[in-house]
Q: 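Handing you a structure now.
Keep in mind it's a predicted model, so treat the numbers as computed, not measured. In what follows, every heavy atom counts, from backbone to side chain, and hydrogens, waters and symmetry copies are set aside. The sequence lines fix the lettering, A, B, ..., with proteins before strands; numbering per chain opens at 1.
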Amino acid sequence: MIHITLPDNSVKEFEAGITGFDIAQSISPRLAKEVLSISVNGEVWDLSRPINEDASINLYKWEDRQGKETFWHSSAHLMAETIEAMYPGTKFGIGPTVDTGFYYDIELPDGKVLSEKDLASIEKKMLELARQKNDIVRSEISKSDALKMFEAKNDELKLELISELEDGTITLYNQGNFTDLCRGPHLPNTGLIKAIKLTSIAGAYWRGDEKNKMLTRVYGVSFPKQKMLEEYLVMIEEAKKRDHRKIGKEMELFAFSENVGQGLPLWLAKGAQLRMELESFLKRLQKAHGYDQVITPHIGDVKLYKTSGHYQKYGADSFQTIKTPSEGEEYMLKPMNCPHHCEIYKIKPRSYKDLPVRMAEFGTVYRYEQSGELHGLTRVRGFTQDDAHIFCRPDQLKDEFKKVIDIVFIIFKALSFENYTAQISLRDPKNPDKYIGSAENWDKAERAIIEACEEKGLNTVTEIGEAAFYGPKLDFMIKDALGRSWQLGTIQVDYNLPERFDLEYIGSDDNRHKPVMIHRAPFGSMERFVAVLIEHTAGKFPLWLTPEQVVLLPISEKYNDYAKKVLKFLNNCDIRTVIDDRNEKIGRKIRDNELKRIPYMLIIGEKEVEKEAVSVRKQGEGDKGTMTSEEFVELVNLEVKNQLSGLYN
RNA sequence: GCCGGAGUAGCUCAGGGGUAGAGCGCAUCCUUGGUAAGGAUGAGGUCACGAGUUCAAUUCUCGUCUUUGGCUCCA
């Protein structure tokens with residue numbers, strides 16, 4: 001007999017060799033119907049795998065991440081089984097799960113290419129096979145047998161994978177006529193998979209290395225119920241409506257022109273207004289936090305970037321240098337602002353009493369991004385960072401770092417970004433060539449970030465090897481409408497550039513010391529931030545950012561004089577205004593699709609003129625009653641104030 | 001950059017070897033006077049660009065550019 005500890009810490013006795021499925025059955029038949037996988041002492045197993053010793057277990061259903069993963073992993077196998085049946089001779093790479101669904105990397109025989117049109121027929125065949133309810137059977141195999149088996153199939157992809165595995169740890173999973181190398185776990189049988197959608201097809205380098213050959217990656221998602229698939233598809237459609245590229249076009253926020261060049265956004269009037277509002281918000285915030293605003297040129301002598309090390313690292317993959325016609329000078333479009341700010345720091349001797357120096361600039365930078373990587377406003381070649389560099393003493397570092405985290409939080413709160421991930425990016429110790437500076441400085445910098453995050457009580461994930469080449473960083477990631485993660489705010493600690501630029505301050509001991517540098521951009525870039533903001537608000541911005549706030553609607557032309565008076569007043573109050581000119585030309589006619597996004601409409605007629613008032617309607621809320629234009633301005637200001645309350649102190 | 005998909009009116013898209021289509025928008029006029037609206041009429045396109053096949057190409061083929069889903073990259 002063995003003892004099984006359930007999640008509620010109750011202990012049950014079973015015969016050795018009991019399976020997860022049997023345990024579920026013993027708890028309730030309904031649970032047995034829904035359960036998908038089991039964790040045994042923390043390791044996720046198949047339900048049908050016998051348990052031979054005491055263990056604590058967890059049963060996973062669809063609602064659990066582990067349950068979904070098991071389900072999708074088996075779906076990936078089902079897809080592989082189907083593809084092998086339809087295209088014999090196909091070679092299979094890896095077939096893992098992703099956030100939503102699964103994929104399998106494959107290589108079809110004879111250079112055949114799969115296209116989106118083929119997906120429907122694969123889906124259909126997958127469902128046919130699923131209906132056979134084939135058991136998915138786990139078996140252990142020796143390394144030599146595994147190699148023999150896949151040699152027979154001539155599948156060098158699997159052979160490569162097997163060759164890296166340790167003998168004695170290799171398992172196979174079989175269903176129907178299909179057997180795959182796999183660690184598992186899997187569903188008991190394929191019949192649980194009721195609804196399948198193969199979503200897309202893409203190229204992917206074998207093992208993620210661009211030197212390797214490219215395989216075909218087939219993405220899909222599957223569900224235990226048809227209805228869930230339908231809901232999922234509706235959700236995707238809804239998300240597409242929030243795409244910032246679509247809304248940006250509809251609302252005339254930004255545009256691209258082939259003639260200007262790819263990845264170079266044009267900010268249209270309303271988008272520029274939105275952006276300027278965000279900029280002035282941050283400028284005020286930074287002023288309150290002791291930052292100085294500076295302005296530097298868009299180009300810089302190439303030697304600046306040689307000093308910083310950026311040229312050596314990225315020069316070949318950058319926009320190439322600009323040369324003067326006769327003096328032999330070489331300039332770069334600035335790909336970052338740090339070197340310019342370092343030069344400002346060096347303008348005069350600094351005392352320890354002067355530190356920290358906080359230098360902020362909305363600096364437009366230009367980076368050559370591979371053409372295939374460009375994406376709306378989230379990945380562009382010319383963008384404006386809300387950059388700042390803090391030069392401080394080592395003893396001020398942690399405190400300064402924490403203050404920057406505060407600024408990021410204020411921004412996220414002001415815009416209701418709740419679902420962010422804070423990611424600490426450290427260097428990869430196995431790859432020292434990727435980084436500049438001493439190991440000692442890296443240790444100090446990494447420790448400062450980790451400690452500051454701990455002291456702030458920040459929930460973080462740590463990624464090894466994601467650091468910038470000059471220092472570790474803390475990044476704030478936010479998801480777009482379709483769940484793709486984008487890095488917004490970033491805070492980086494840097495001991496290296498101060499050394500390379502020979503920055504100094506005179507300490508209280510009258511000796512020269514090196515300051516520490518913090519690079520930070522809480523928005524990340526105006527472009528990417530606005531993109532994510534659009535997708536989060538679906539174009540319904542907070543009132544303090546809304547490009548248009550009011551439509552003024554005179555009911556008859558004889559009231560236009562009064563309407564003009566109100567208009568003038570509103571403009572003086574910094575209320576952005578659009579006017580319907582149905583009756584007389586006092587403004588441009590408002591379009592229907594604009595109308596939907598304008599928060600307030602003011603109607604002016606006989607009664608209003610008589611009372612020297614306006615009738616107010618709010619989008620989505622209806623009639624707000626009659627008030628004077630002064631009262632209306634007060635109402636709007638109050639609302640803006642509420643949205644921004646408590647942010648600056 | 002690599003592997004797929006796409007490029008037709010301002011927008012969203014249908015079509016298809018032989019006068020180029022719809023809806024929305026736009027323009028003009030009418031209607032509507034407490035209203036996030038209705039109707040009529042009209043304007044608009046070298047069917048991304050270049051080459052090839054063909055009596056004939058927007059349609060088929062190839063190339064280029066742009067865009068898009070991924071991969072790689074992201075100071």
Q: Applying salt bridge (charged side-chain N to carboxylate O under 4.0 Å, His left out) between A:K270 and each of A:E250, A:E252, A:E548, report the one that passes.
A: A:E548
Q: By nearest nucleotide on RNA chain B, pick out whichever of A:K434 and A:L114 is the more 5' one.
A: A:L114
Q: Tell me the partner of B:A6, counting only Watson-Crick (N1-N3 plus N6-O4 or O6-N4) or G-U wobble (N1-O2 and O6-N3) with both under 3.5 Å; none if nothing fits.
A: B:U66
Q: Now, which nucleotide makes the Watson-Crick or G-U wobble pair with B:U41, with each of the two distances under 3.5 Å?
A: B:A27
Q: Look at the side chain of A:S318 and decide which nucleotide, out of B:A75, B:G4, B:G34, has an atom nearest to it.
A: B:A75
Q: For B:G5, measure the glycosidic angle (O4'-C1'-N9-C4 for a purine, O4'-C1'-N1-C2 for a pyrimidine) and name it syn if it falls within 90° of 0, otherwise anti.
A: anti
Q: Across the strands shown, which category fits A:Q370 at heavy-atom distances under 4.0 angstrom: base, sugar-phosphate, nothing?
A: base
Q: Quick one: label A:Y470 by what it contacts on the DNA or RNA (base, sugar-phosphate, nothing), any heavy atom closer than 4.0 Å.
A: sugar-phosphate
Q: How would you label the contact of A:T199 with the nucleic acid (heavy atoms, under 4.0 Å): base, sugar-phosphate, or nothing?
A: nothing
Q: Let me know the distance between CD1 of A:I94 and P of B:C71, rounded to the nearest Å.
A: 12 Å
Q: Quick check: do A:L114 and A:I106 have side-chain heavy atoms less than 4.5 Å from each other?
A: yes
Q: Classify the side chain of A:S200 and the base of B:G70 as holding, or not holding, a donor-acceptor pair under 3.5 Å.
A: no
Q: Counting only side-chain nitrogens and oxygens, does A:Q619 get under 4.0 Å of the OP1 or OP2 atom of B:A36?
A: no
Q: Under the criterion of centre distance below 5.5 Å and interplanar angle below 30°, is A:Y219 classified as stacked on the base of B:G70?
A: no
Q: Considering every strand and a 4.0 Å limit on heavy-atom distances, what is the contact class for A:K249: base, sugar-phosphate, or nothing?
A: sugar-phosphate
Q: For a quick check of understanding: with a heavy-atom distance under 4.0 Å over all strands, which category does A:Q487 fall into, base, sugar-phosphate or nothing?
A: nothing
Q: Check every strand shown and say whether A:S308 touches a base, only sugar-phosphate, or nothing at a heavy-atom separation below 4.0 Å.
A: nothing
Q: Go nucleotide by nucleotide along RNA chain B from the 5' end; which of A:K313 and A:H375 gets its closest nucleotide reached first?
A: A:H375
Q: Does A:E608 make a side-chain donor-acceptor contact with the base of B:G34, cut-off 3.5 Å?
A: yes
Q: Between the side chains of A:R427 and A:D443, is the shortest nitrogen-to-carboxylate-oxygen separation below 4.0 Å, so that they form an ion pair?
A: yes
Q: State which residue, out of A:R245, A:K241, A:K240, fulfils the salt bridge (charged side-chain N to carboxylate O under 4.0 Å, His left out) condition with A:D243.
A: A:R245
Q: Could you give the CG-to-P distance, from A:D317 to B:G1, as a whole number of Å?
A: 12 Å
Q: Salt bridge between A:E156 and A:K91, side-chain N to carboxylate O under 4.0 Å?
A: yes
Q: Counting only distance, no hydrogens or angles, is the base of B:G1 paired donor-acceptor with the side chain of A:Y205 under 3.5 Å?
A: yes
Q: Under 4.0 Å between a Lys/Arg side-chain N and an Asp/Glu carboxylate O for A:K618 and A:E639?
A: yes
Q: Atom CE of A:M336 and atom P of B:C74: how far apart are they, to the nearest Å?
A: 13 Å
Q: Please report the distance, rounded to the nearest Å, between CD1 in A:I491 and P in B:A75.
A: 16 Å
Q: Can you find a donor-acceptor N/O pair under 3.5 angstrom joining the side chain of A:R379 to the base of B:C73?
A: yes
Q: In whole Å, what is the span from the CZ atom of A:R381 to the P atom of B:C73?
A: 18 Å
Q: Would you classify A:G208 as touching base, sugar-phosphate or nothing, given that sugar-phosphate means primed atoms plus P, OP1 and OP2, and contacts are heavy atoms under 4.0 Å?
A: sugar-phosphate
Q: What is the nucleic acid contact for A:R207, judged by heavy atoms within less than 4.0 Å: base, sugar-phosphate only, or nothing?
A: nothing
Q: From CZ of A:R217 over to P of B:G4, roughly how many Å is that when rounded to an integer?
A: 15 Å
Q: Given atom NZ of A:K473 and atom C1' of B:C74, what is their separation to the nearest angstrom?
A: 8 Å
Q: Mind checking A:A202 for me? I need base, sugar-phosphate or nothing, with any heavy atom below 4.0 Å counting as a touch.
A: base
